[in-house]
Protein chains: 2
Amino acid sequence: MSTNKVIKEVEVYCREHGIRFTDQRRMALEIIASSKKPLGAYDVLAEMGKEVENPKPTTVYRALDFLLEHAFIHKIESLNAFVVCHAGHSHEGSQFMVCDDCGKVEEVHLCHLPKDLKKKIDDTGFQLTRWNTEIHGTCNRCQP
Amino acid sequence: MSTNKVIKEVEVYCREHGIRFTDQRRMALEIIASSKKPLGAYDVLAEMGKEVENPKPTTVYRALDFLLEHAFIHKIESLNAFVVCHAGHSHEGSQFMVCDDCGKVEEVHLCHLPKDLKKKIDDTGFQLTRWNTEIHGTCNRCQP
DNA sequence: TTGAAACTGTTACAATATAACATTACATTC
DNA sequence: GAATGTAATGTTATATTGTAACAGTTTCAA
C-alpha cells in the first residue's frame with residue numbers, strides 16, 4: 001500500500017473519530033510508512049530533522065505513542081523499531097516475520113490466537129488485552 | 001520450581017554438554033530464578049553488586065547472553081526483562097502471559113506455532129529460527 | 001607446557017526512552 | 001467574542017538499556 005493511501009485512510013479515520021491528526025503525527029507516519037524496513041525512534045527523529053528545525057526525542061515519542069495507541073503503526077519489540085500497520089482494521093494482536101538478514105518485516109494477518117493457546121489462557125483466568133508474535137528467521141529472498 | 005533445582009539442572013546440563021557454568025553465570029541465573037517477576041539487566045546488576053565488588057554492565061550482559069543462548073532464561077522483549085525458563089527442554093519458541101497489573105509473567109508451554117500460521121510462513125518460503133509470543137493483560141489475581 | 005580459545009576486567013560510550021514543567025492551540029460554552 | 005478547560009507542543013534535562021574495544025586471565029586439550 002502506498003504511503004499516500006495510508007495517510008489518506010488515517011486522515012479519514014481520524015476525521016470520523018474526532019481524533020486530531022496533527023502535522024507531527026502525519027510526518028512521523030509518513031516517514032514510517034515510506035520505509036521498507038522498521039525504523040527506530042531515532043531514525044524517525046533524524047528524518048523529521050530534514051523537515052523541521054532540530055526536533056527532540058520527546059516530539060517523536062509523542063507522535064509514536066499516538067500512532068501506536070490507534071494502531072496506525074506497530075512496534076517490533078525485538079528490534080525496538082516501528083512499522084506501519086496495513087491491516088486496515090483494528091486488532092488486538094499482531095504477528096510478524098522478521099528477516100534477520102535483510103531486516104525486512106512482514107506482517108502476517110491472521111489476527112487470532114490459536115485455539116489451544118486461547119484455551120490455556122482462558123483456563124488460567126487471564127484477561128488478555130493485546131498480544132504480539134515475532135517470528136525471526138530468513139526470508140525467501142535472503143536464502144542461499 | 002525452586003531456585004536450587006534450576007541451578008542443579010543447569011549444572012548437570014552444562015556438565016553433560018561441556019559448557020562452562022561459571023560463577024558469574026550461576027550468580028546471574030540464581031538472581032533471575034529467585035525473582036517472582038522478570039528482572040531488568042540493571043536489576044540483576046544491582047543484585048550482583050550485593051555479592052561482588054562493583055560489577056559492570058558488561059559483566060551482566062555477558063552472563064545474560066550466555067543464559068539466553070542456552071535458553072536457561074528468556075527475554076521478555078516488551079519489558080526488556082528476563083525470566084528463568086522452566087521448560088526443561090530446548091524449544092525454538094516461547095509464549096508468555098504478562099500481567100500489566102502486578103508485573104508477573106507466566107510461561108505457557110505450548111511450544112509450537114499454530115498450524116495456519118506455520119502454513120502461512122512456509123508458503124512465503126520464510127525459514128524460521130525462533131519465535132516469541134507475548135500476551136499482555138490482567139492475571140487472575142489482579143482482577144476485580 | 002604451551003598455545004588457542006574461552007572467559008573476565010575495565011573504560012568509555014551509544015542507543016533508547018522518559019520526567020517535569022512551561023507554553024500554545026483548539027473547541028466549547030457562556 | 002471572551003473565558004475556560006483540555007489536548008498538543010516546546011524545552012531542558014536525565015534515566016534506562018545495551019555495546020565497543022582492548023587488555024589480561026583462566027582453562028583445556030594437543
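Each chain gets a letter, A, B and so on, in the order its sequence line appears, and its residues count up from 1.
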Qualifying salt bridge (Lys or Arg N to Asp or Glu O under 4.0 Å) pairs, either residue in residues 117-143 of chain A, two or more places apart: A:Lys118-A:Asp122, A:Lys119-A:Asp123
In the structure I gave you, are the side-chain heavy atoms of B:Pro55 and B:Leu45 within less than 4.5 Å of one another anywhere? yes
How many Å lie between CG on A:Leu64 and C1' on D:dA8, as a whole number? 15 Å
Look at the side-chain N and O atoms of B:Asn80 and state whether any lies under 4.0 Å from the OP1 or OP2 oxygen of D:dG18. yes
So, does A:Ser2 use its side chain to make a donor-acceptor pair with the main chain of A:Lys5 at under 3.5 Å? yes
For the helix from C:dT1-D:dA30 to C:dC30-D:dG1, figure out the bend between the end axes, five pairs an end, and round to 10 degrees. 30°
Contact boundaries on DNA chain C for chain A, cut-off under 4.0 Å to non-hydrogen atoms: C:dT16 to C:dC26
Nearest-0.5 Å distance, CZ of residue B:Phe96 to CG of residue B:Asn132: 5.5 Å
Where along residues 21-31 of chain B does a heavy atom fall under 4.0 Å from DNA chain D? none
At under 4.0 Å between heavy atoms, how does the protein contact nucleotides 22-30 of chain D? Give one character per nucleotide, 5' to 3', with B, S or -. B----S---
Can you tell me the distance, in whole Å, between the CG atom of A:Leu67 and the C1' atom of D:dA8? 14 Å
Report the distance from atom CG of B:Leu67 to atom SG of B:Cys85, rounding to the nearest 0.5 Å. 11.5 Å
Write down the distance between CG (B:Leu68) and P (D:dT19), rounded to a whole number of angstrom. 11 Å
Please report the interatomic distance CG(A:Asn80) to NZ(A:Lys75), rounded to the nearest 0.5 Å. 5.0 Å
Scan residues 18-32 of chain B for pairs that pass side chain to side chain donor-acceptor pair (under 3.5 Å), counting only residues two or more places apart or in two chains. B:Glu11-B:Arg26
Name all pairs fulfilling the salt bridge (Lys or Arg N to Asp or Glu O under 4.0 Å) condition that reach into residues 102-116 of chain A, sequence neighbours left out, sorted by first residue then second. none
Residues in residues 39-60 of chain A with a heavy atom under 4.0 Å of DNA chain D, by number, are A:Lys56, A:Thr58
Nearest 0.5 angstrom please: B:Leu39 CG to B:Ile32 CD1, how far? 6.5 Å
Pairs flagged by side chain to side chain donor-acceptor pair (under 3.5 Å) wherever residues 56-70 of chain B is involved - sequence neighbours left out: none
Using the test salt bridge (charged side-chain N to carboxylate O under 4.0 Å, His left out), find all partners of B:Glu47 that sit at least two apart in sequence or belong to another chain. B:Lys50
Quick one: hydrophobic cluster around A:Leu110, which other residues, with the 4.5 Å side-chain cut-off, linked directly or via members? A:Met97, A:Val108, A:Ile135, B:Leu113, B:Leu117, B:Ile121, B:Phe126, B:Leu128, B:Trp131
Look at the rings of B:Phe66 and B:Phe72 and say which category their plane angle falls in: under 30° parallel, 30 to 60° tilted, over 60° perpendicular. tilted
Is the ring centre of A:His74 less than 6.0 Å from the ring centre of A:Phe82? no
Who pairs with B:Lys36 by salt bridge (charged side-chain N to carboxylate O under 4.0 Å, His left out), at least two apart in sequence or on another chain? none
